[in-house]
Amino acid sequence: MHDALFQPITLGAIEAKNRILMAPLTRGRATSPGFVPNAMMATYYRQRASAGLIISEATGISVEGLGWPSAPGIWSDEQVEGWRAVTDAVHSEGGKIVLQLWHMGRIVHPDFLGGKPGVSASATTAPDHAHTPTGRQPHQQARALETSEIARVIADYRHAAENAKKAGFDGVQLHGANGYLVDQFLRETTNLRTDEYGGSPENRVRFLREALEALIDVWGADRVSVRLSPNGETQGADDSDPAALFGAAARVIEELGVGFLELRQPGPEGTFGRTDVPKQDPVIRKIYTGPLVLNSDYSAEEGAADIESGRADAISYGRPFISNPDLPDRIAKGAEWAPNTNVPKSWYLPGAEGYIDYPALNQQ
């Protein structure tokens with residue numbers, strides 16, 4: 001019934017054993033201070049190694065770019081060693097894992113930066129509130145990155161990619177979605193620049209291109225991927241012509257030949273973000289010829305159907321993997337999926353140490 005999900009797939013240089021990918025999920029479990037991956041995280045990822053490919057939780061590329069309590073980073077030697085235990089655990093179970101590289105931009109509250117403002121494409125303020133070590137606080141206005149500073153941020157992406165290689169990952173993914181820094185450069189509501197990084201869609205995708213080029217210099221294009229969220233507003237980042245904007249982004253990604261492209265496209269009833277804006281994957285599909293991974297609130301039936309129709313090449317599942325570490329096996333058997341919270345012991349993997357979840361931090 002779901003055979004399409006269980007066909008192997010080549011994602012650039014990565015051979016995935018099935019088309020059930022694990023989407024990046026913000027977990028907030030790293031050891032602080034230091035934002036260091038730990039043994040609990042190694043257990044968590046090892047338990048989910050039956051996914052065709054794990055895309056790690058979003059991971060900060062620098063102190064400047066990380067503003068989520070107890071999220072992991074990848075800028076220090078200690079973080080590299082912590083992640084090495086994670087990749088070793090996944091590989092020991094026959095799994096594969098790539099690291100999602102994250103700069104949160106204006107979403108970083110000054111409390112994470114010694115009182116200094118976060119940075120963004122322009123001096124704007126995100127809506128709603130930030131999660132900080134002392135609780136929720138209103139977002140503060142970010143400062144615009146000077147044109148001369150952008151090379152420094154791109155260098156941070158390069159350094160993070162180098163550290164990901166040292167940590168034993170199978171590749172990296174650029175987080176270009178959900179209203180974070182790359183997305184802030186892409187969208188017209190958050191990019192008010194008048195230099196070569198602002199204005200037309202072709203200018204606004206320049207930062208995306210330069211970040212991807214830095215990652216490709218380290219890994220090669222076939223081990224680099226990117227995640228975009230091409231329909232609707234996210235954390236105050238929006239655009240009046242998403243087809244033109246994300247068409248321009250797709251052309252960059254096609255020209256660079258990345259391993260795969262993942263799109264987060266929530267529907268009207270999405271569990272993390274809701275939108276009535278039409279999905280942009282048909283536009284992107286006409287431009288980008290590589291493997292396309294679709295994400296957000298899929299059932300097994302819907303995932304198999306989109307692969308069979310050619311709309312997607314693989315599906316990334318987020319929330320279902322939280323409480324179903326053996327999700328591919330459950331789909332294969334037609335078994336019920338456990339709920340995301342209040343997981344009974346009967347759902348634990350045999351012989352596993354168990355797993356802990358923080359429902360308030362569950363994000364897809």
Side-chain angles (χ1 to χ4, degrees), residues 2 5 9 11-12 14 16-29 41 44-59 68 71-72 86 90 95-102 169-180 182-183 224-232 234-235 258-267 269-275 279 281 291-300 302-304 306-307 311-328 330-331 337-338 340 355 357-359 361-364:
H2 307 122
L5 289 169
I9 184 173
L11 302 168
I14 299 172
K17 56 194 172 189
N18 61 54
R19 301 185 184 216
I20 304 170
L21 276 55
M22 179 173 160
L25 290 153
T26 305
R27 309 310 299 132
R29 294 169 162 184
M41 292 171 60
Y44 169 81
Y45 283 110
R46 178 183 59 77
Q47 289 174 329
R48 291 154 178 81
S50 60
L53 174 68
I54 295 173
I55 305 171
S56 83
E57 63 202 275
T59 300
W68 189 272
V86 172
V90 171
K96 296 183 179 179
I97 181 170
V98 298
L99 184 68
Q100 189 187 65
L101 301 178
W102 195 26
F169 284 93
D170 297 294
V172 292
Q173 182 182 78
L174 177 65
H175 195 337
N178 299 9
Y180 297 115
V182 175
D183 210 17
V224 172
S225 62
V226 59
R227 175 180 247 224
L228 300 176
S229 50
N231 66 317
T234 308
Q235 300 196 98
V258 302
F260 67 92
L261 169 60
E262 183 193 20
L263 303 181
R264 190 188 77 83
Q265 300 195 106
E269 304 302 321
T271 55
F272 178 59
R274 296 168 171 80
T275 179
K279 296 182 184 297
D281 59 273
L292 187 64
V293 179
L294 297 185
N295 163 267
S296 203
D297 305 299
Y298 270 94
S299 67
E302 290 166 337
D306 271 3
I307 292 172
R311 182 176 171 223
D313 296 296
I315 305 296
S316 62
Y317 289 86
R319 287 173 181 265
F321 261 113
I322 295 172
S323 299
N324 300 275
D326 55 344
L327 182 65
R330 293 194 178 279
I331 292 175
W337 295 358
N340 290 326
Y355 48 97
D357 289 297
Y358 301 94
L361 299 183
N362 291 352
Q363 291 193 18
Q364 185 164 320

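What you see below is based on every heavy atom in this structure, not just the backbone, and it leaves out hydrogens, waters and symmetry mates.
Contact of the L261 side chain with the L263 side chain is registered, since non-hydrogen atoms from C-beta on lie closer than 4.5 Å. Contact check for I307 versus R19: side-chain heavy atoms found under the 4.5 Å cut-off. No side-chain heavy atom of M41 sits under 4.5 Å from any side-chain heavy atom of R27. No side-chain heavy atom of I97 sits less than 4.5 Å from a side-chain heavy atom of M22. Side-chain atoms of I315 and N295, non-hydrogen and from C-beta on, never get closer than 4.5 Å to each other. Residues E262 and P24 have side chains in contact (heavy-atom distance under 4.5 Å, counting atoms from C-beta outward). With a 4.5 Å cut-off on side-chain heavy atoms, H175 and T59 do not count as touching.
Here the side chain of N18 pairs a donor or acceptor atom with the backbone of I20 at under 3.5 angstrom. With S50 contributing its side chain and P328 its backbone, the two residues share no donor-acceptor pair below 3.5 Å. Formation of a donor-acceptor pair under 3.5 Å by the R48 side chain with backbone atoms of I322 is found in this model. Looking at S316, its side chain never comes within 3.5 Å of a backbone N or O of L21 through a donor-acceptor pair. Within the 3.5 Å criterion, the main-chain N or O of K96 finds no donor-acceptor partner in the side chain of D170. Judged by distance alone, the side chain of R330 and the main-chain N or O of N324 form no donor-acceptor pair under 3.5 Å. Put simply, the side chain of Q173 never gets that close to the backbone of I55: no donor and acceptor are under 3.5 Å apart.
Nearest heavy atom pair, residue A300 against residue L5, reads O-CD1, 3.6 Å. Listed here is the closest heavy atom pair of A338 and S323: CB-O, 3.6 Å. Between S299 and Y317, the shortest heavy-atom contact is O-OH, 3.0 Å. Of all non-hydrogen atoms in L11 and A16, the two that sit nearest each other are CD1-CB, 4.2 Å. A pairwise comparison of heavy atoms in Q235 and N178 identifies NE2-O, 2.7 Å as the closest pair.
When each of W102, W68, Y45, Y44 is tested with E57 by the rule side-chain hydrogen bond (donor to acceptor under 3.5 Å, both in side chains), just one qualifies, namely Y45. Between F169 and the choices V90, L99, I54, the side chain to side chain contact (heavy atoms under 4.5 Å, CB included) rule is met once, by L99. Tested against F260, the residues D313, L53, V226, L292 include a single side chain to side chain contact (heavy atoms under 4.5 Å, CB included) partner, L53.
Atoms CG and OG1, from N231 and T234 in turn, are 8.0 Å apart once rounded to the nearest 0.5 Å.
Taking K17 as the reference, nothing meets the side chain to side chain contact (heavy atoms under 4.5 Å, CB included) condition, with sequence neighbours excluded.
In summary, the side chains of D281 and Q265 do present a donor paired with an acceptor at a separation below 3.5 Å, with no hydrogens or angles considered.
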- Could you go through the side-chain contact (heavy atoms from CB on, under 4.5 Å) check for D183 and S229 one step at a time? CA-CA 8 Å; D183 210 17; S229 50; 3.6 Å; yes
